[in-house]
Amino acid sequence: MNTVLDKFAQAAQRPYEHVKAWKQERGVKAVGTLPMHFPAEIIHATGALPVIVQEMPDAITSGGGAMYPFFCGYTRSIVDQVTEDQLGFLDAIMFTDHCVQLLSAADVIRISRPETTIHFHQLIASLRQPWSLESSVKTLRELVADLEEVLGVVVTEEALRHSISVFNENRRLIRDLYQMRRTGQIQLRASQMQHIVKSSMVMDKETHNALLRELIASLKTSTAPRSDEVAIFVSGHLCHAPRPEILDLIEDCGATIVDDDLYTGYRYVSTDVDAGIGDPIVALATAYIRKNDNVPCPTRIDPEVDWEEWLLGAVDRCGAQGLVVLLVKFCEPHYFAYPRIKAAFERNEVPHLMIETEHDGVAMENVRTKVESFVEMIKVQRAARAVAA
Ligand code: SF4
């Protein structure tokens with residue numbers, strides 16, 4: 001089991017080295033995409049390796065002057081990676097938009113590296129309009145045509161259907177792991193889950209699926225009830241992985257992270273593409289439109305789904321006793337949503353703690369004090385309820 005987890009950890013910790021080695025070994029192209037809504041199945045169907053561009057932990061240097069300092073760490077990091085020429089191994093970068101800061105990053109990348117092939121396709125942000133599906137289908141068809149031209153290939157329906165089934169299997173296997181963790185059947189730390197999901201964003205999906213099957217077969221399952229540590233749901237980080245040290249710190253303070261809606265987590269695998277829909281592009285567009293039902297995204301306009309209400313239900317369903325919100329500093333969509341989340345959790349008397357994270361560093365001892373207090377508060381409340389019952 002450790003060997004498989006080590007492979008996931010290596011790819012997650014050194015994603016670009018992994019991609020470069022894969023390109024060299026297989027002689028394939030690699031196409032970078034940005035979070036959160038790009039249907040990477042389309043790239044897979046061309047035979048190229050889809051790679052989600054990751055935030056890197058390095059200090060921001062030459063790219064710093066190209067972006068406002070009050071932009072999120074993810075966008076500043078990717079601009080820095082481009083200006084530092086760290087993404088030259090990618091044969092193209094494809095965007096679909098999701099927030100103003102990412103749009104700005106696309107422009108800065110285009111201007112500072114005109115030789116980099118960058119394509120931008122704007123998926124409709126409003127998900128419940130009568131024309132939302134039709135608009136998404138149109139955008140995805142343009143995206144496919146663009147990709148065919150960039151890579152000099154033809155994307156067939158058959159190849160797309162195959163890629164959809166490979167990606168669905170990957171999502172299902174990771175969701176199986178999530179379900180086993182929720183019920184306490186397996187003990188995987190949150191940082192190990194992050195390695196599993198993050199490596200899926202940069203590894204060849206068939207290889208990742210084979211490793212996941214091997215991992216699941218090797219895991220020791222338990223039917224004993226979950227220990228009485230404090231169960232926590234972690235929410236936030238819409239585009240990049242929280243530093244694993246933060247997840248470890250939370251779990252070292254007597255909490256167990258049993259579920260999450262992180263992008264480098266459950267959000268990434270929440271929604272399958274319906275293989276029963278005849279036209280694979282329509283199937284991909286439909287999955288985009290209905291993804292919000294499974295895990296709401298504050299960058300999408302959807303009057304029928306409230307993230308805060310969904311979070312209250314998700315915390316309850318997984319048996320968590322509290323919510324930790326990891327809020328990326330200067331993430332505008334999350335800043336807009338957070339006051340409603342806070343109000344909903346206070347109204348319903350469900351404990352919650354917000355931790356702001358920042359690319360340039362987080363005061364870990366401050367976080368430790370906050371989390372320890374939060375965990376103790378939940379334990380005291382739990383003991384008081386037991387006495388009252
Ligand atoms: S959604 Fe938030 S974290 Fe993602 S690019 Fe936009 S501002 Fe940054």
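First listed ligand is number 1; within each ligand, the first listed atom is number 1.
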Ion pair [X]/[Y], N-O distance below 4.0 Å:
X: Lys20; Y: Glu25; value: no
X: Arg290; Y: Asp293; value: no
X: Arg76; Y: Glu358; value: yes
X: Arg172; Y: Asp272; value: no

Atom 2 (Fe) of ligand 1 neighbourhood, protein N/O/S only, threshold under 2.8 Å: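 Checking every protein N, O and S atom gives Cys331 SG.
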Check: Leu133 and Tyr288 side chains under 4.5 Å, non-hydrogen atoms: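 A side-chain contact is absent here, since even the closest heavy-atom pair is not under 4.5 Å.
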Test salt bridge (Lys or Arg N to Asp or Glu O under 4.0 Å) applied to Glu365 - qualifying residues, sequence neighbours left out: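 Scan of Glu365 (salt bridge (Lys or Arg N to Asp or Glu O under 4.0 Å), adjacent residues dropped) gives Arg368.
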